Amino acid sequence: MEQRGYYGRYGGAFIPEILVSTLDDLVSAFEEAKADPSFWQEYEEIMHTYSGRPTPITYAENLTRHFGGARIFIKREDLNHTGAHKANNVMGQGLLVKRMGKSRVIAETGAGQHGVATATMAAKYGLECTIYMGETDVLRQRPNVFWMEHLGAKVVPVTDGSRILKDAINEAFRDWVSNMDNTHYVLGTACGPHPFPEMVSWFQSIIGREARKQILALAGRLPTRVYACVGGGSNALGIFNGFMNDPVELVGAEAAGEGFHSGKHASRIASGDGSPGVAQGYKTYFLQNEDGQMNETHSVAAGLDYIGVSPILASLGDSDRVRFEGATDKEVVNALRLTMKTEGLIPALESAHAFAQAFKEAPALSGDDIILINQSGRGDKDIFTVADAFDDPHWKTFIRQKAEAYHA
Ligand SMILES: *Cc1c(COP(=O)(O)O)cnc(C)c1O
């Protein structure tokens, strides 16, 4: 294997021989697109007319007053079509698929957000679409399965392993091996074999490119710190890319679940529980045991509940360019509650990790400091989880009545 697609000690392309030429073709298509200014123009145009970009930055004056420290600004990726930054990646890869002349896309999905985004893109571009999803996830994420199917995608429940996201990824690779000629695998985050980490992070860099200009125009200076939640790492790399060469502190918030000491979390870097290994086509920090068996992970936010992390972030963590922290489920639910009441915003549970971490640090900064939080998505999708966390009695009655109506 060539030494390409490495970020420090991480990355690479650990793939079956049969996929090598397909990934080579993808690398070429990506390099050509990157070198062609009209490609990025076309990308910006579709994101403008279809997904509402540029997304604004909102000044959170009530949160700022509440904490009495740094001024807090929020980049609004929740306003994208399908409700999150995932649109940036899927629409970009969709354009690349058209350029490569392929007619079918496949994708993995955990919570279903990437599946819905991919199904949406496939409908728009007239592509055949199959989504792989662990059977456990199919059962617990029915609303997203419903939308994927009605957007025209075929959802295939995966019954291997623990029947969750990592198993869906393995199955998607198996499909790709058998259907390389007409099929592109739309990987959902900045993980997996080269060129996916770099390619996904390049499409997501639209967040940071916009944000840097916007914050300079709004506040007249660069932010002191930028916060983003880290699942696979795509929204974090997207906003961080805009500030990589600036004297700006970059903070990645991982899922601390029930706390680092509980063992029930999904933090690969901040917890110190992850270790370098090779799985799913790339090398990074994984939550694994000494034999390389993957551990069970936990987070209140399904989108952060993954064993690996972008090799680019693993390297930026090693070099201390990005600081990693963890926010617990409890801190996240409290941050969500506060943000709703003070700003009228409903961040996704994933995004609320970035808010929770920023809230811990804001009071110690001064009024001259600026905090920029990436709101990666909107929280409407989380109504079932959040209603449980808030223990809302009226919601339970509503669900009970719905269930009874189906029994009748
Ligand atoms: C999927 C998702 C994430 C996690 O993915 P990254 O690749 O780490 O960005 C975060 N926020 C939202 C809203 C998501 O849907």
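Small disclaimer: the values here were computed from a predicted structure and weren't measured. Ligands are counted one by one from 1 in listed order, and the atoms in each one are counted from 1 as well.
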*Residue part near ligand 1, for K86, under 4.0 Å between non-hydrogen atoms*: side chain
*Is H85 reaching over with its side chain to a backbone N or O of E77, donor-acceptor style, under 3.5 angstrom?*
no
*Please determine if K381 and E350 form a salt bridge, counting it only when a charged side-chain N lies under 4.0 Å from a carboxylate O.*
yes
*Quick one: which ligand 1 atoms are inside 4.0 Å of a heavy atom on G377?*
13 (C)
*Is it the side chain, the backbone, both or neither of S234 that has a heavy atom closer than 4.0 Å to ligand 1?*
both
*asked:* Which label fits W176 and F173: parallel for a plane angle under 30°, tilted from 30 to 60°, or perpendicular past 60°?
replied: tilted
*Give yes or no for whether the N/O distance cutoff of 3.5 Å, strictly under, is met between S376 and ligand 1.*
yes
*Looking at atom 4 (C) of ligand 1, what's its closest protein heavy atom, distance included?*
G303 O, 3.4 Å
*Does a side-chain N-to-carboxylate-O contact under 4.0 Å join K75 and E210?*
yes
_Which segment of H114 sits under 4.0 Å of ligand 1 when only heavy atoms are counted_ = neither
*Determine, for F286 and R268, whether the Lys NZ or Arg CZ falls below 6.0 Å from the six-membered ring centre while staying within 45 degrees of the axis.*
no
*So does K360 have more than 12 non-hydrogen atoms from other groups sitting under 6.0 Å from NZ?*
yes
*Report yes if some N/O of G233 lies less than 3.5 Å from some N/O of ligand 1; otherwise report no.*
yes
*asked:* Assess whether a salt bridge exists between E45 and R53, defined as any Lys/Arg side-chain N lying under 4.0 Å from an Asp/Glu carboxylate O.
replied: no
_Is it the case that ligand 1 has an N or O less than 3.5 angstrom from some N or O of T189?_
yes
*Is G188 in polar range of ligand 1, meaning some N or O pair under 3.5 Å apart?*
no
*asked:* Taking 4.0 angstrom as the limit and counting only heavy atoms of A348, give me the atoms of ligand 1 inside it, by number and element.
replied: 13 (C)
*asked:* Please report whether ligand 1 has a polar contact with G231, defined as an N or O pair separated by less than 3.5 Å (distance criterion only).
replied: yes
*Do NZ/NE/NH1/NH2 and the carboxylate oxygens of E325 and R323 come within less than 4.0 Å?*
yes
*Please state whether A236 comes within less than 4.0 angstrom of ligand 1, counting heavy atoms only.*
no
*N/O separation below 3.5 Å, N235 to ligand 1*: yes
*Do Y7 and H194 come close enough that some side-chain heavy atom pair is under 4.5 Å?*
yes
